[in-house]
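Start at 1 with the first residue, then count along the sequence. Just so it is clear, the values below take in all heavy atoms, side chains as well, and ignore hydrogens, waters and symmetry mates.
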Amino acid sequence: MATYHAKPAEVEAVQITKGMTEGEAPLPDMVVHAPAMSLFRVRTLHGWRGVDVGDWVITPANGWHEVVSDSDFVRLYEPTQQETTNGKD
């Protein structure tokens, strides 16, 4: 049996903070608040997914948003060179 590894992919990402869920900071446009249920949700390719404080919302090249836990995000992604240099050349 052959083995495979994931191809590196660049994604845009934003981490959901407590301030966002408490109205102290703006929510990203892709996050919807359902106040009647105290839920925050994101529409993904596979339907609506709940998002909690600490989760990351990523947007890969296909344009669909995905919710990733913080532990999975730090395991799978690292800042791009641009992010690590704060945009300095």
Side-chain angles (χ1 to χ4, degrees):
M1 179 183 309
T3 60
Y4 297 85
H5 63 77
K7 294 179 182 179
E10 191 169 302
V11 298
E12 292 183 357
V14 60
Q15 188 173 31
I16 305 304
T17 65
K18 185 176 180 180
M20 290 175 185
T21 62
E22 293 180 349
E24 298 168 359
L27 280 171
D29 291 340
M30 77 284 286
V31 178
V32 176
H33 182 212
M37 297 181 284
S38 296
L39 295 176
F40 293 87
R41 303 179 343 150
V42 174
R43 186 174 181 158
T44 72
L45 181 61
H46 306 289
W48 289 95
R49 290 262 332 259
V51 62
D52 294 315
V53 171
D55 288 345
W56 289 82
V57 179
I58 65 169
T59 308
N62 68 8
W64 282 97
H65 307 297
E66 299 176 29
V67 178
V68 179
S69 70
D70 185 53
S71 59
D72 285 345
F73 185 85
V74 298
R75 184 174 53 83
L76 296 170
Y77 298 97
E78 59 187 17
T80 61
Q81 184 64 30
Q82 179 179 357
E83 293 297 320
T84 58
T85 61
N86 294 324
K88 298 176 186 171
D89 292 326

Distance check, rounded to the nearest 0.5 Å: T44 atom OG1 versus M30 atom CE?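 The CE atom of M30 is 12.5 Å from OG1 of T44, to the nearest 0.5 Å.
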Between the NE2 atom in H65 and the CD atom in E12, the distance rounded to the nearest 0.5 Å is 9.5 Å
Can you list, by chain and residue number, the hydrophobic cluster partners of V32 when the side-chain cut-off is 4.5 Å? W48
Should E66 and W56 count as side-chain neighbours, where that means a heavy-atom distance under 4.5 Å?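 E66 vs W56: side chains apart.
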State, to 0.1 Å, how close [X] and [Y] come at their nearest heavy-atom pair, and which atoms those are.
| X | Y | answer |
| --- | --- | --- |
| G50 | D55 | O-OD2, 4.4 Å |
| M20 | Q15 | CE-O, 3.5 Å |
| A13 | I58 | CB-CG2, 3.8 Å |

Quickly, which of T21, V67, I16 forms a side-chain contact (heavy atoms from CB on, under 4.5 Å) with V31? Name it, please.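 So the option named by the test is I16.
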Sub-3.5 Å donor-acceptor pair from the side chain of D72 to the main-chain atoms of S69, do we have one? no
What about F73 and L76, same hydrophobic cluster or not, with Ile/Leu/Val/Met/Phe/Trp/Tyr joined at side-chain heavy-atom distances under 4.5 Å? yes
Any link between V14 and F40 through a network of hydrophobic side chains (Ile, Leu, Val, Met, Phe, Trp, Tyr) touching at under 4.5 Å? yes
Counting only heavy atoms from other residues, nucleotides and ligands, does the tally under 6.0 Å from CG of N62 exceed 12?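 Yes - once you tally the heavy atoms of other residues, nucleotides and ligands closer than 6.0 Å, there are more than 12.
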Does E10 CD have over 12 foreign heavy atoms under 6.0 Å away? no
